[in-house]
Amino acid sequence: MTKGAEYGLKKIEGATSWKQGVAWIPELETGNEEIDSQHKQLFRLTSNLIEACVSGQSEETLGKTLGFLVDYTVEHFRDEEALQLKHNYPDYEKHKKLHDNFKATVGELVAQYKADGSSDKLADVVNTIVVRWLTQHITMEDFKIAAHIRREHKKG
Ligand SMILES: [Fe+2]
């Protein structure tokens, strides 16, 4: 199995390595429209960041691209947590903790990038840490939220 397939990712057309971009695959769909559209945007922003790293963009562009991803991650977690509360999701506290831990990881990643400024390393870290976390979190945790909401709707 290739590295990308292991992460549940699709290689972007024209890319010669997994580092050159990550794409959304339907297997990551939770079935909840709001969650899925935000996850797709997260993947787009992650892919933009990796592309910016490997295509040798200026530090200013990289900083901005990284900022977009960080800001959107925070926004997405906030929306997803609000959705859980709205639907009385029983594992809210646990899920929020996972989000908080990941926000801390991203904070460290940004600090590390600011300290050493290596775009190669940033692309690697984003690929291994961010993409892997997102993929696992979506399939193992976010799927449960979507299933809970579906059950609630059925109960009417
Ligand atoms: Fe989540």
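Just the heavy atoms: all of them, side chains too, but no hydrogens, waters or symmetry mates, feed the values below. Remember, it's 1-based here, ligands and their atoms both numbered in the order they're listed.
Salt-bridge check for Lys96 with Asp100: passed, with a basic side-chain N closer than 4.0 Å to an acidic carboxylate O.
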Exercise for the section: May I have the step-by-step check of side-chain hydrogen bond (donor to acceptor under 3.5 Å, both in side chains) for His39 and Glu29, ending in yes or no? Expected result: CA-CA 9 Å; His39 285 164; Glu29 235 151 71; over 6 Å; no
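Under the 30°/60° scheme for interplanar angles, the aromatic rings of Phe43 and Trp24 are found to stand perpendicular.
In this structure, NE2 of His95 and OE1 of Glu80 enclose an angle of 90° at the Fe ion (ligand 1), rounded to 10°.
His148 has its ring centre no less than 6.0 Å from the ring centre of His153.
Residue side and main chain included, His99 places an N/O/S atom under 2.8 Å of the Fe ion (ligand 1). Residue side and main chain included, Asp142 places an N/O/S atom under 2.8 Å of the Fe ion (ligand 1).
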